[in-house]
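Note that this is a predicted model, so its numbers are computed, not measured. Residue numbers start at 1 and run along the sequence shown. Order of listing sets the numbers, starting from 1, for every ligand and every atom in it.
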Amino acid sequence: MTSRKAGPLKGTASVPGDKSISHRSLIFGAMSIGTTKVTGLLEGQDVLDTAKAMRAFGATVTQHGPGDWSVEGVGVGNFVEPADVIDCGNSGTGVRLIMGTMATSPITATFTGDASLRKRPMGRVTEPLAEFGTMAYGRKGGRLPMTVVGASDAKGIRHTLKVASAQVKSAILLAGLNASGETVVIEKEPTRDHSERMLVGFGANLTVDKTKEGHVITLQGRPSLRAQTVAVPRDPSSAAFPVCAALIVEGSDIFVPGVSQNLTRNGLYITLVEMGAEIEFQNPREEGGEPVADLRVKFSGNMKGIEVPPERAPSMIDEYPILSVVASFATGKTVMRGVKELRVKESDRIDAMARGLEACGVTIEEDEDTLIVHGMGPGGMPGGATAKTHIDHRIAMSFLVAGMASQQPISVDDASPIATSFPIFESLMTGLGATLTQG
Ligand code: S3P
């Protein structure tokens with residue numbers, strides 16, 4: 001797909017449902033008694049793969065209309081053994097949360113995924129799960145395909161996270177649901193808290209103590225989860241693409257309704273404002289249990305590069321690729337430190353952005369844990385390159401956004417991964433005035 005310099009972007013960008021909350025609504029629904037109703041579900045491939053997996057473990061998952069789904073759950077500890085391999089496609093969240101969910105049931109399941117997911121480390125999840133007695137047999141380096149043998153009669157564990165990861169935290173909590181006694185997870189750096197919020201909503205006894213050690217999350221095992229109605233809010237990580245496009249395309253003025261202001265998700269928006277972005281946060285309110293605001297975003301020709309505080313990383317971990325595009329159109333350098341987790345996402349995102357932006361004429365510095373972008377000012381990026389997307393939706397969308405403001409068009413070698421998280425990206429962006437063409 002190729003993106004060329006667009007006229008001003010105008011109009012309303014209504015982005016799809018949140019990916020993290022969509023996965024969780026299906027998984028928690030499957031572990032509950034009764035019928036969970038979900039509206040606004042993201043129908044991206046990642047979430048569809050989780051829906052298929054929940055069916056394989058015994059839940060009845062039904063689509064009633066666009067975004068309108070129901071899940072008839074089997075209850076905590078009642079997953080059945082799947083008759084076939086569970087293919088989670090491109091989704092790290094899907095596979096890691098589902099591994100946690102079955103880890104304390106006396107069943108065995110084999111997991112696989114696409115070429116991107118098969119490269120990603122699963123040891124970060126299977127090591128803490130081993131403390132429950134769960135066994136996992138994967139390829140070298142803890143890679144998929146992997147067979148997980150659930151523990152019988154597991155007891156709760158106390159675990160301090162080694163990496164700031166909501167996926168690992170959630171996998172342990174989900175395993176703790178079918179363990180006796182308390183499971184305690186301690187996270188030094190707060191990560192997205194959707195599992196904690198939603199588990200309480202589904203009736204689990206879960207508390208979060210904010211201590212000097214970090215967040216201490218305590219879950220009582222073997223609750224009876226009750227089916228809920230979940231209204232999935234829009235995805236702030238998807239909203240980031242039209243928002244950042246409007247900031248760099250001259251004359252733009254767009255409205256983006258219902259963007260999460262959850263403090264564990266809004267790091268990008270804080271960073272953009274610090275850079276001098278013109279974003280108005282209107283009508284703050286609650287939607288689907290999340291704090292949200294409507295955003296009015298205007299072209300911002302005076303953005304300056306900044307040093308992004310490393311402790312902000314967990315709240316904007318998926319947004320560094322698009323931030324590095326905005327940084328290319330700012331004046332001065334933007335320094336992103338403490339970002340080595342980006343190397344184990346759907347692709348090595350530091351490498352993918354560095355190589356692609358360099359090909360577009362931007363000066364980049366990088367090391368294992370750092371990405372530095374030397375901004376070229378508004379309209380300064382030459383472009384005229386093809387970026388490799390490495391089966392990574394966010395890399396594809398980031399370069400297509402860059403092409404809307406660069407001097408020459410920018411192409412991506414494969415736009416198909418966009419369907420994992422933002423299936424309406426092309427129509428939504430062209431509706432605002434972007435020029436995207438196949439080939
Ligand atoms: C997610 C957690 C994050 C994030 C991913 C979604 C989740 O991953 O990058 O897109 O829904 O829990 P990590 O837990 O690996 O940081």
key: Shortest heavy-atom approach to atom 16 (O) of ligand 1 - which of Glu341, Gln167, Lys345   =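 Nearest heavy atom to atom 16 (O) of ligand 1 lies in Lys345.
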
query = Considering only heavy atoms, which of Asp318, Thr264, Val168 lies nearest to atom 9 (O) of ligand 1?
reply =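 Checking each option, the heavy atom nearest atom 9 (O) of ligand 1 is found in Asp318.
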
key: Any N or O of Ser20 closer than 3.5 Å to N or O of ligand 1   = yes

inquiry  = So, regarding Leu97 and ligand 1 (criterion: nitrogen or oxygen to nitrogen or oxygen, under 3.5 Å), is there a contact or not?
reply    =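 No; the residue has no nitrogen or oxygen that sits under 3.5 Å from a nitrogen or oxygen of the ligand.
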
key: Salt-bridge criterion met for Lys340 and Glu368 (N-O under 4.0 Å)   =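 A salt bridge is absent here (no side-chain N lies under 4.0 Å from a carboxylate O).
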
query = Is any side-chain heavy atom of Val335 less than 4.5 Å from a side-chain heavy atom of Arg337?
reply =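 Answer yes - side chains close enough.
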
ask   = Looking at side-chain heavy atoms only, is the closest gap between Leu26 and Leu41 below 4.5 Å?
value = yes

inquiry  = I'd like to know if Arg24 contacts ligand 1, where contact means a heavy-atom distance under 4.0 Å to any ligand atom.
reply    = yes

Option passing side-chain hydrogen bond (donor to acceptor under 3.5 Å, both in side chains) with Arg265 (candidates Asp235, Asp193, Asp318, Thr191) = Asp235

Per-atom contacts, ligand 1 versus Ile317 - under 4.0 Å to a heavy atom = 9 (O)

ask   = For ligand 1, does Arg192 get within less than 4.0 Å through its side chain, its backbone, both, or neither, judged by non-hydrogen atoms?
value =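 The side chain, only.
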
ask   = Nearest protein heavy atom to atom 14 (O) of ligand 1, by residue and atom, and its distance?
value = Ser165 OG, 2.6 Å

message = How far is atom 6 (C) of ligand 1 from the closest protein heavy atom, and which atom is that?
response = Thr93 OG1, 3.3 Å

ask   = For the residue pair Phe79 and Phe57, does the interplanar ring angle fall in the parallel (under 30°), tilted (30 to 60°) or perpendicular (over 60°) class?
value = parallel

query = What do you reckon, is CZ of Arg139 surrounded by more than 12 foreign heavy atoms closer than 6.0 Å?
reply =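 Atom CZ in Arg139 is crowded, with more than 12 foreign heavy atoms closer than 6.0 Å.
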
message = For the residue pair Asn262 / Glu290, report whether a side-chain donor-acceptor contact shorter than 3.5 Å exists.
response =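 Asn262 and Glu290 do have a side-chain donor-acceptor pair below 3.5 Å.
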
